[in-house]
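Written below as structure tokens is the structure these notes are about.
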Amino acid sequence: MTTLYKNRLFWPSLILVVMLAVNAFTSNQFIAFQDGHLFGTLIDILRGSAPLILVALGMTLVIATGGIDLSVGSVMAISGAVACLLISDLPNQNSLSGVFIAIGAAILISLAAGLWNGALVAVVGIQPIIATLILMVAGRGLAQLFTEGQIINVQSGPYSALASGFFLTLPIALLIAAAAVGLTVLLTRRTALGLLLESVGGSPTASRLAGIGARRITIMTYVVAGGFAGLAGLIASADIKSADSISAGNLIELDAILAVVIGGTALIGGRFSIIGTVLGAIIIQTLRVTVVAIDIPAEANLLFKSVVVVALCLSQSPDFREKVFGRFKRPAVQKVGAPA
Amino acid sequence: MTTTDMTPVTKDGGGPVLNKRRRVYKPNSRYIPILATLFLLIVMYSSGVANYRNFEDPSVIVNLFRDNAVLLVVAVGMTFVIITGGIDLSVGAVISLTTILTATLLKADWPPLVVLPAVLLLGALIGAGQGAVIHYFKVEPFIATLAGLFLARGAALTINDESVPIRDDMWREISDFRIVLADGVVTKPIAIVAVLTVVVAAAVLAWTRFGRNVYAIGGNADSALLMGLPVGRTKIAVYTLSGFCAALGGVLFSINSTSGWALQGNGMELDAIAACVIGGVLLTGGSGFVWGTVLGVLVTGLIRTIINFQGDLNAAWARIIIGVLLFVFIVMQRLVTRKAK
Amino acid sequence: MGEQSPVLEMTGIRKVFPGVVALDGVDFRLFPGEVHALMGENGAGKSTLIKTLTGVYEIDGGEIKLGGEPVSISGPLAAQQAGISTVYQEVNLCTNLSVAENIFIGREPRKFGKIQWGKMRRRAAELLARLDLDLDVSAPLSSYSLAIQQMVAIARAIDVDARVLILDEPTSSLDTAEVAQLFRVMRRLKEDGVAILFVSHFLDQIYEISDRLTILRNGKLISEHRTEELSQVQLVEKMIGKELAALEDLEDKAQSNRERAAEAKPLLEAKGLGRTGAIAPYDLTIHEGEVVGLAGLLGSGRTELARLLFGADKADTGEVLVDGKRINLRDPQVAMKHRIAFSSENRRTEGIIGELSVRENIILALQATRGWTRPIPRKQQDEIVDKYIKALQIRPADPERPVRNLSGGNQQKVLLARWLITEPRLLIIDEPTRGIDVGAKAEIQRLVAELSDGGMAVLFVSAELEEVLRLSHKIAVLRDRRLVEELENTADVDADRIMQTIASGATS
Amino acid sequence: GCSKDDGGTASGDDGQIVLGFSQVGAESGWRTANTESIKASAAAAGIKLQFSDAQGKQENQISDIRGFITQKVDVIAFSPVVTSGWDAVLKEAKDAGIPVILTDRAVDSTDTSLYESFIGSDFKVEGTKAGEWLVKEYEGKTGDVNIVELQGTTGSAPAIDRQTGFGDAIKANPNLKIVKSQTGDFKRADGKTVMETFLQSVPKIDVLYAHNDDMGLGAIEAIKAAGKKPGQDIKIITVDAVKDGMTALAAGEINFIVECSPLLGDQLMETVKAVKAGTPVEKRILTKEGTFTQEEAKAALPTRKY
Ligand SMILES: Nc1ncnc2c1ncn2[C@@H]1O[C@H](COP(=O)(O)OP(=O)(O)OP(=O)(O)O)[C@@H](O)[C@H]1O
Ligand SMILES: Nc1ncnc2c1ncn2[C@@H]1O[C@H](COP(=O)(O)OP(=O)(O)OP(=O)(O)O)[C@@H](O)[C@H]1O
Ligand SMILES: [Mg+2]
Ligand SMILES: [Mg+2]
């Protein structure tokens, strides 16, 4: 019991549960079964968090190596733009093979974007934040160029199923995110990748001298992050059946980083927690929904959000818990010097 | 050749120097990134002059300081934070809060000489609060200041979500005051304030004990603590400084535009961080100079100026060109630095 | 001096870390004008006692009195202000700052708030000259080796006007001359009435400098003695709780194996290998089963020589042959493919990965050679790790503890284990016994001898000549970043002979 | 002014008029259409366009305008990011003798001599038009009508004015109630998520008022996913009339659109020429725009350019 309480994910989980309870209270249908699939606010939240989960997943790996990826939002925009452009050119937008080709092309381009970032960071040796800033700025420009600044609409059943379809009573978007999470957990925890990532993040020099190909691993994480961002871009664009290269994934990097940190992964790299990240992403999405559900006026949205974030980060700080709730025991003796 | 006596017997300090080794001289490599940046900046400027009409006009350079006065001030504060190994995402929001608060208070007929110190103090307090949370509760700077961002911008939007004009005489007069540098070359007080801030900050960072503590903490906070440096105090101080600089930036903003707006300075944090990094400040902490940051600001400003003079780019191309210029610049800088080392 | 009242008195000190009682009711007294040695095995709690004293850790029980007054010291800054000056075990300096700044930071000479750089540099240079160091004081500390950094840390500590000076293993990376220099300074301070707490695993040094010693074992106080009243053998017995086996046989074995080794197949040959600014081109051949020792002063280039053989730094001249075939040593991975292992002297920044566990740190190199797709099964990991925790007596014997929380000596053992499990053909170990207690040091030496018996070649770098002489079949002597002589370690080779070589810079 | 008229101006040697135009950004399809319109009209009118994009930041826009002053263009036009804070830079333009024209959005300078003219729509009127249609639609009905509102970017002029105009128009009818109002940031994706939550937390929604087409289109997706019919179960009113919106209107998924035309290029170029020639221009030029019902949309759609 005490160990549960001390777990660093305990408080975030509690905050999530509270917010979900609020939603359950305000919503007509929290969870229900309808038209052969699950339905309701909870499902909306989970489905809505799929893109963020995907982006944050890649971000977790990048952060584990001590890097950061600001370009994920732009990659989302590119991927959505590419897919929608290809699909809108199809003679039959409902053709499965055509949609698959479009998706494949979008993912390939996203992977290439990740490779570019990885190469800048690991080969050229540019600081990650600035290396990915380049693609963050230019990438959205590319997406705008592809779409000529317009919103590209598609009317493709198979494509929009990515976001709003259901499979085995569950939203496909959620299943995709779950599969990505499963794959990442498998890749990092069932192979030695996780260890090597943490090692590179913990100390690049020591890792190099231990014979770890830090460069290749670093590149790989950016590639994976690019791929996941691309996938997220597809889901986001399928959700609105169009590619909006201007606003797709705008500022998602901040939310993703926030999710990672809420999940207990330190930004300096090293130890990472995938489950924590997933939890963080769901919390952020729930927060977004809760703001609307409990009628916070638009101009106070941010204020509310900040209160939750402050509560979250303080609750996670062992030092805060100790200093505020902890025992106040101090030997009754004279103090030497000023406190540091 | 010095004869060396290796037996571990005691020997008086007065004798021939024992165990003296040859010193392998290494050039001080800390200035190389800055010199590289400066060099590339000059190259960039020259190509602007070669390609565009009126680019050689001295106002181009003078305006660079004035248009980027706010960024300069904010980036200077950010430099301190980054050198300690931290980051401050709240600066843009503090600007917002400052401008809207200034405008609202002035509209409510508060005397300007009360408003000015009040908003600066508020900025410093926000910074200090963040610093305290970071130091005492060991919350990551990124997340503590992100919360600060939400809080400050949230407060700004709650105060007023519309832009508010400033009609106060003092603000207007400062805003309109022209400083003629040469015939046809005019600048404004905000540029002077920015330059002064830079000079003072550079001096503080280079010449004071506080400045050196900032570097020490960025190099290795644990060591700094064991060396008996006031780590907590210094950390809180740099965030306070950054908050203050952001508030000062906000004031400059409100002077520049004689208005306040809750979205003013949105995204400025990223510009400031980028400017620092381009100027050779290491995000891992412990290394960098205020002058580097100034060059970083000038680089981003010059890129914007070039795009403005180019004049036929649409949004998509403008972004791509900014990205490409940034890329070329960073890679060149990297190559030059690598070569020199 | 027994009549004097202690300047520092700690009674019943208790410190508990999650899962470990690091200090359990320890008493400790320090008198003005004495050098007091704190003795104990790796992990006995020496560094922890020091850190509770300087306020790095909050104590869980007990009392600290300074000059007779009970105090609670809130942190290193407060300790410094209370007149306690400390050199911590792992060099704790800021390598991004210049040498001069590292010495003076926090107490820079100032005028109107502005730091007087010139004065600071001058004073730093003077201070270092007292330790016989001639450094470019405005160069960043990172451009100097760990040994130099250690000296800088000492310079910083002795310049403070302190009544208590704490030196936690200051000599672990110093050579004899440096140590002598340090002792000279310590004696002078002692005469001035400074109380010095000194930690070292070198018994000779303890007997040379200390007046009194306190022995810890497993976090408990064993006893306190006047140094001259306790023999070395007794001291070791009290430290490790049992008798220590002699090591003399090793030396004989090395002698007898020498010829065999020299006749074995050459494993690795370096031809004209060099790197500008680091080490002049050198030739070196290492045979299978041969132990090659590197001797030289601080900064003579031993580390640099060793790093080139592992590809940790890239050579700019010469070539390396393994089994007679040329290899392209562009990075450590290539070296590891040829089963060359290298354990760095700088364990904190180039060795351990602090937040990973002991187990993960140990299997890291092995895992790296297998590639990420073939993880070592957990069961096998546990077996290997258990085996080496036992063999090297890593304490606490908990494989899941973050390695950061281990005592310095135990971290070193973890690193050794990391490389041993890769079963290398050539093991390059740079200062493997640095900071290791007498018992473990003997174990490691024995291990090296055994491994070479089994056919493993070892390149052994150590500041302790004695060790090098005991283990090596062949000794390469360096001076001024140049390999000046290669000596067969015959019976007539001894420390003096090597010192002579170094001193004369013999090239003949 | 202080500009030296020695041929150092940016104008071509052939005396071509140079227009410096600073756009807010490229935040929406509407904006892109606006930009395109200006570019096309400039080319057609033989005016050399120096175009720059402020990416939604006032500081960028101010420096862009200063850049134009340095370049010594003939006329400056811009769509201000915000209403306040232009006095200083406008004064600089005036001092340099460069006339300024505002497009799309107004500024609140008290000194109206700082600019020649303001071309653009009246957002408040747009909101009012939307409200009036709704009042007419429910004329004679007394039952409660639950309205949800998707606001534009918090604090932006169109969001504020469209909200006020709409609110004023329905004020007289107490049965028309805005039950929820939340920002969708003018984006489709946000329109969809916010609408999802509206649908979950409001038992019965009758009307959706979205401050632009994009949010409305996003909301339509949410409505469909909830198993309701947009345009029938929930009546939808939007502003803008971009092509996608018109298509949805024609398809019966939206009920009414208030036009906010981005095509003010031609009007701008005319004004630029007039200003340059020294002929007086009107201080306030309204863009030509109307409203569309479903039938009107069907008719207008084939010839719609954006
Ligand atoms: N921060 C910490 N957290 C948990 N355990 C710790 C921590 N620091 C030290 N320990 C444990 O406390 C014990 C004493 O360690 P300490 O560093 O004092 O040993 P030491 O006597 O200095 O050894 P060495 O000679 O190797 O330096 C060890 O078991 C160590 O693992
Ligand atoms: N007395 C000295 N004065 C100036 N520089 C020195 C001195 N001693 C060492 N150095 C510098 O230290 C750096 C590294 O030398 P290093 O000490 O690693 O060699 P080493 O032979 O491996 O010594 P050790 O392994 O004993 O520390 C070099 O850059 C050298 O210039
Ligand atoms: Mg120790
Ligand atoms: Mg060495």
Side-chain angles (χ1 to χ4, degrees), chain A residues 2-3 6 61 64-66 186-218 220-221 224 264-266 268-272 318-319 322-323 326-340, chain C residues 55 58-59 61-66 69-82 84 307 310 312 331-337 341-344 346-356 360-361 363-376 402 415 418-419 422:
Chain A
T2 47
T3 48
K6 275 191 188 140
L61 301 184
T65 63
L186 215 67
L187 266 182
T188 52
R189 300 304 178 201
R190 289 278 160 240
T191 73
L193 193 60
L195 173 66
L196 300 191
L197 276 177
E198 291 178 339
S199 154
V200 171
S203 168
T205 333
S207 300
R208 190 175 90 89
L209 290 181
I212 295 169
R215 185 175 288 188
R216 213 176 316 151
I217 287 187
T218 308
M220 187 156 71
T221 59
V224 170
T265 302
I268 47 164
R271 290 279 190 214
F272 64 94
D319 291 75
E322 188 172 319
K323 279 177 186 140
R327 37 207 181 138
F328 289 87
K329 55 151 213 183
R330 275 264 163 177
V333 283
Q334 139 210 13
K335 271 225 159 177
V336 171
Chain C
E58 215 175 302
I59 47 175
E63 192 185 38
I64 303 177
K65 277 188 189 160
L66 207 57
E69 295 281 315
V71 290
S72 147
I73 294 171
S74 58
L77 182 56
Q80 235 171 54
Q81 286 162 350
I84 304 175
R307 286 173 68 93
F310 185 62
D331 66 34
Q333 278 181 302
V334 177
M336 285 169 65
K337 218 171 270 154
F342 168 76
S343 161
S344 162
N346 203 339
R347 69 167 162 253
R348 202 166 60 147
T349 56
E350 298 187 339
I352 60 158
I353 298 186
E355 57 178 331
L356 297 191
E360 289 167 321
N361 267 284
I363 63 155
L364 201 56
L366 183 60
Q367 185 62 66
T369 55
R370 291 169 61 125
W372 64 271
T373 45
R374 295 196 305 135
I376 308 167
L415 286 185
R418 174 191 292 174
W419 291 109
T422 62

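- Heavy-atom neighbours of R370(C) CZ from other residues, nucleotides or ligands within 6.0 Å: above the threshold of 12.
- With a 4.5 Å cut-off on non-hydrogen atoms, T369(C) does not touch chain A at all.
- Contacts of L196(A) with chain C are made by side-chain atoms alone, with heavy-atom separations under 4.5 Å and no backbone atom involved.
- A donor-acceptor pair under 3.5 Å links the side-chain atoms of Q367(C) to the main chain of R374(C), judged by distance alone.
- In terms of heavy-atom pairs under 4.5 Å with chain A, the best-connected choice from T349(C), I376(C), L415(C) is T349(C).
- Under a cutoff of 6.0 Å and an axis angle of 45°, R208(A) and F310(C) do not form a cation-pi pair.
- Using a 4.5 Å cut-off between heavy atoms, I363(C) touches chain A through its side chain atoms alone.
- A distance-only check finds no donor-acceptor pair linking the side chain of S199(A) to the backbone of L195(A) [under 3.5 Å].
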